[in-house]
Chemist: 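Take this structure, written in structure tokens, and hold onto it; I'll ask about it next.
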Amino acid sequence: MQTKKLVATVKALFADDKGLLAMDESTTSCNKRFAKLGIPETEEMRRQWRELIITTPKLSDSISGVILYDETIRQIKNHEGMILGIKVDLGLKAFEGHPNEKVTEGLDGLPERLKEYVAMGARFAKWRAAFEVGEGIPSQDCIEENARRLAEYAFICQQAGVVPIVEPEVLMDGDHTMERCRQVTGQVLKTVFAELKAKGVAVEGMILKPNMVVPGLACKTQESVEEVAYATVTLLMEMVPGDLGGIAFLSGGQSGQLAAARLNAMHVTFRDKLPWPLTFSFSRAIQYPALEIWSGKEEHTKAAQESLKRRADICQAATRGEYTPQMEK
Ligand code: 13P
């Protein structure tokens, strides 16, 4: 295994308190977001949006790497000094015999696909498993099946010299409490790291992309920013090996402001006690409100890029524990 190369890529991705920008929405997800804003759901419009993002002036001041989708890596000519990542899972499928649970697909032919992506410049990859929280779910069976696949994917990536981002997302939908999110996330992380270990994945050459420990979006009790930060970091310290390459959070449907404030609070509270670098790998919490501003209109490009740059810079400030609500004005 090319551990040295993997570690060097991880270090480059976390350098200068930068973070990642996820822009790897599948065609279906991207079209859904376009449809809400009346943007034509075409390959050309998706290309224009992704190009607008990548060519944002000085985006690389705060963004070290971008995660692309298969369609996009073939469309984008220049990546403006940011490291290229690629989503390699093929999405969620119903988990047989387990109503309302899903498993992620995409292991078939993965080594060959990776080879092609590496030739196109990709140095890291992403695979997302998603767990809905509900009555009796997620089941341990579902967690184990997804964890096995995540570990298999991570192993294949490392063999190819590609840094795997391992993303087991506990979804925010529902009215479950923060405590329930903490329990489920703990169970998921424990299983995922056991499978990674069993498979022989070098954790120093990978990145974990977890959810924050948050109450469900419809839960009546919404804990403070500091409580979320505390619950999240203490759980990660308990479940995640200290020699892990780093952690980059997904935003999962939190507003940009809240995601930044929570990440900031983690750094303020735990400053020198964090064993791994801790940053962001947001999609929605950076792409909004820029997507609304753009709305498919070329004349709005500059304003949309300014918004993107602003959100990315705010996230970097949060990674430094230097975020203030005044920055939102
Ligand atoms: P969000 O930040 O919008 O949750 O997206 C992150 C991501 O990459 C989901 O796979």
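Counting begins at 1 with the first residue of the sequence. For ligands, and for the atoms within them, numbers begin at 1 and follow the listed sequence.
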Chemist: Does ligand 1 have an atom under 4.0 Å from some heavy atom of Gly252?
Modeler: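 Per 4.0 Å heavy-atom rule, Gly252 contacts ligand 1.
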Chemist: Yes or no: does Lys87 have any heavy atom under 4.0 Å from an atom of ligand 1?
Modeler: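 Contact absent.
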Chemist: Of Arg128, Lys209, Arg284, which has the heavy atom at the shortest distance from atom 6 (C) of ligand 1?
Modeler: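 It is Lys209 that holds the nearest heavy atom.
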Chemist: Output the list of atoms in ligand 1 that are nearer than 4.0 Å to some heavy atom of Ala22, sorted by atom number.
Modeler: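 The list of qualifying atoms is 8 (O).
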Chemist: Would a hydrophobic clustering, with Ile, Leu, Val, Met, Phe, Trp and Tyr connected at side-chain separations under 4.5 Å, put Ile67 with Leu92?
Modeler: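 Looking at the clustering, Leu92 is in a separate group from Ile67.
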Chemist: Would you please test Glu116 and Arg74 for salt bridge (charged side-chain N to carboxylate O under 4.0 Å, His left out) and show each step?
Modeler: CA-CA 11 Å; Glu116 193 191 0; Arg74 298 170 196 280; 3.0 Å; yes
Chemist: Which class fits the ring pair Phe95 and His98: parallel under 30°, tilted 30 to 60°, perpendicular over 60°?
Modeler: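 Judged by the thresholds at 30° and 60°, the geometry between Phe95 and His98 is parallel.
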Chemist: With a cut-off of 4.0 Å, which atoms of ligand 1 are near a heavy atom of Phe282?
Modeler: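 Atoms satisfying the 4.0 Å criterion: 2 (O).
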Chemist: Show, in sequence, the C-alpha distance, side-chain angles and deciding distance for Glu152 and Arg149, and conclude whether the salt bridge (charged side-chain N to carboxylate O under 4.0 Å, His left out) test is met.
Modeler: CA-CA 5 Å; Glu152 180 72 29; Arg149 293 178 188 204; over 6 Å; no
Chemist: What protein heavy atom sits nearest atom 5 (O) of ligand 1, and how far away is it?
Modeler: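 Checked against all protein heavy atoms, atom 5 (O) of ligand 1 sits closest to Ser283 CB, 3.2 Å.
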Chemist: How far is atom 1 (P) of ligand 1 from its nearest protein heavy atom, and which residue and atom name does that atom have?
Modeler: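 Answer, as residue, atom name and distance: Ser251 OG, 3.2 Å.
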Chemist: May I ask you to check whether Lys126 has an N/O atom sitting below 3.5 Å from an N/O atom of ligand 1?
Modeler: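 It does: an N or O of Lys126 is found under 3.5 Å from an N or O of ligand 1.
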Chemist: Please state which protein non-hydrogen atom is closest to atom 9 (C) of ligand 1 and give its distance, to 0.1 Å?
Modeler: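 It is Glu167 OE2, 3.3 Å.
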Chemist: Would you say ligand 1 has an N or O under 3.5 Å from any N or O of Glu169?
Modeler: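 No - when backbone and side-chain N and O of Glu169 are compared with those of ligand 1, no distance drops under 3.5 Å.
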Chemist: Going by atom types only, do Tyr323 and Glu328 share a side-chain donor-acceptor pair under 3.5 Å?
Modeler: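 Per modelled atom types, Tyr323 and Glu328 side chains form a pair under 3.5 Å.
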Chemist: Is Tyr230 reachable from Val213 through a run of hydrophobic residues whose side-chain heavy atoms are each under 4.5 Å from the next?
Modeler: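 Linked within one cluster.
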Chemist: When you compare the side chains of Arg262 and Gln254, does any donor N or O come within less than 3.5 Å of an acceptor on the partner?
Modeler: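 Checked: Arg262/Gln254 side chains pair up, N/O donor to acceptor below 3.5 Å.
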